[in-house]
Amino acid sequence: MTTTPRILEGYRVLDCSIAMAGPFAAQRLGDLGADVVKVEPVTGEWQRHAAAGGAQGNQINVSFLSLNRNKRSLAVDLKADAGKQVLLRMVETADVFLQNYRPGVAERLGVDYATLSAINPRLVYVSMSGYGEDGPDVDQPGQDLLLQARSGAMLSTGRHGEPPQPAGQYLVDAVTASTAFEAVLAALLHRERTGEGQLVKVNMLDAITTLQMQELSVFVAGKVPQQRSAEPHAHVYIRAPYGTFKTADGFLALAMPDLPTLGKVIDEPAFAEMSSEVHGWSHRDEVHRRTADRLVLRTTAEWLDALGTAGIWCGPVQDYAALVEDPQIKHNGTFVDYDHPTEGRVTTPGFPYAFSRTPASIERGAPLVGEHTGELLAEAGFTGEEIAALTAGGVVAETRPEQPGS
């Protein structure tokens with residue numbers, strides 16, 4: 001057994017998140033040696049009671065098992081004043097506080113950044129959300145499928161004219177987890193250098209949008225549209241209906257509705273006697289077909305209004321053109337512009353996180369081959385003669401951008 005300390009040993013993380021993205025991010029910190037405290041209600045975190053694929057396990061279902069290793073559990077009622085005081089005491093010695101409460105909940109619980117940073121100014125406070133901390137869609141459900149649909153990603157696969165196909169993974173949850181993980185590491189590095197903590201904000205919409213760096217740059221900067229072919233280029237663990245459906249004028253994404261409620265909205269009487277958790281699994285094909293047969297009768301806007309009013313999780317399936325003009329994307333400032341020495345003005349996805357003290361920025365565009373070879377070797381102590389010899393011998397190369405008019 002090695003006695004070498006793990007890279008994050010000595011750091012304590014208070015994980016107050018639920019479902020997948022937050023717990024997955026915290027788990028990665030634990031995997032690197034952080035002391036991760038799973039702060040959950042006395043009845044257990046939501047994921048303990050929601051088994052993906054019906055995989056219940058013995059005492060811990062597979063969903064929770066997969067996202068919460070390398071943690072200790074603290075079951076506490078944060079709605080009780082004494083419970084909140086327990087958490088506040090732990091904040092005094094914590095390094096990271098991670099939460100994905102709905103907007104406004106942290107303030108109501110008294111565990112918002114302003115409150116906790118007053119107790120511990122060195123605290124790195126990570127707030128995760130679906131669409132951002134504010135903006136036109138701040139209260140929309142931050143659910144993986146709906147965000148896949150909104151991000152434009154679905155319309156890069158599948159047959160032309162057929163319903164777009166989502167990823168076979170919980171893609172948005174996973175990339176948001178990775179984004180939060182890297183943001184924590186960056187904020188901790190900043191603290192090591194300065195001694196100060198900060199507020200870090202991560203949202204799922206920006207995370208999945210910036211993941212598509214190459215595709216969206218091709219669309220925005222290269223002006224090449226998404227065009228699906230007649231043949232596909234190329235979740236079995238979610239109950240029906242769960243997917244994208246054709247409407248009278250487009251498509252919409254529908255995620256895990258209660259079947260009797262859905263039946264009332266779409267006028268499908270067969271759903272009235274169905275159990276979502278039973279028939280949603282055993283009759284997946286039938287449920288999907290009946291849902292598809294109804295949804296095609298009305299427009300996307302009509303269904304979004306009717307389903308949303310009933311509290312059913314649904315959302316539009318957007319292409320990149322719609323995503324770029326999306327009001328929430330514009331509000332978030334997800335895309336950024338910068339000048340490149342050879343490519344001119346460039347618009348591209350920006351950053352999936354926001355640091356209150358150390359914001360990300362673009363200082364350089366993509367370099368030419370060996371554009372900085374000379375300065376890098378000089379910084380490493382090579383003389384001009386040595387650099388010239390290496391260049392002449394083909395060992396290194398340097399390409400300089402052409403000056404305008406040359």
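Heads up: numbering here begins at 1 and tracks the sequence.
Nearest heavy-atom pair across Ala240 and Leu259 is O-CD2, 4.1 Å.
Ion pair Lys201/Glu133 not flagged as a salt bridge, since none of the NZ, NE, NH1 or NH2 atoms sits closer than 4.0 Å to an Asp/Glu carboxylate oxygen. Using a 4.0 Å cut-off between charged side-chain N and carboxylate O, Arg298 and Asp267 make no salt bridge.
Considering only heavy atoms from C-beta on, Pro367 comes within 4.5 Å of His372 through its side chain. Residues Leu123 and Ser117 fail the side-chain proximity criterion, which asks for heavy atoms closer than 4.5 Å. Taking the side chain as every heavy atom from C-beta outward, Leu29 and Leu185 approach each other to under 4.5 Å. The shortest side-chain heavy-atom distance between Glu371 and Arg364 does not fall under the 4.5 Å cut-off. Side chains of Leu323 and Leu216 form a contact here, defined as non-hydrogen atoms less than 4.5 Å apart.
With 3.5 Å as the limit, one finds no donor-acceptor pair spanning the side chains of Thr391 and Glu398. Looking at Asp249 and Thr300, their side chains do bring a donor and an acceptor atom within 3.5 Å of each other. Counting only N and O atoms by type, the side chains of Glu215 and Tyr320 include no donor and acceptor under 3.5 Å apart. Under 3.5 Å, the side chains of Ser127 and Gln99 contain a donor-acceptor pair of N or O atoms.
Between His288 and Phe245, the ring centre distance stays below 6.0 Å.
The environment of Glu273 atom CD is sparse: at most 12 non-hydrogen atoms of other residues, nucleotides or ligands sit within 6.0 angstrom.
Remark: Arg239 is not positioned above the aromatic ring of Tyr242, lacking an NZ or CZ atom under 6.0 angstrom from the ring centre and at most 45 degrees off the axis.
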Audit row: Thr43, Arg48, side chain to side chain donor-acceptor pair (under 3.5 Å) steps and yes/no: CA-CA 9 Å; Thr43 54; Arg48 291 186 184 274; over 6 Å; no
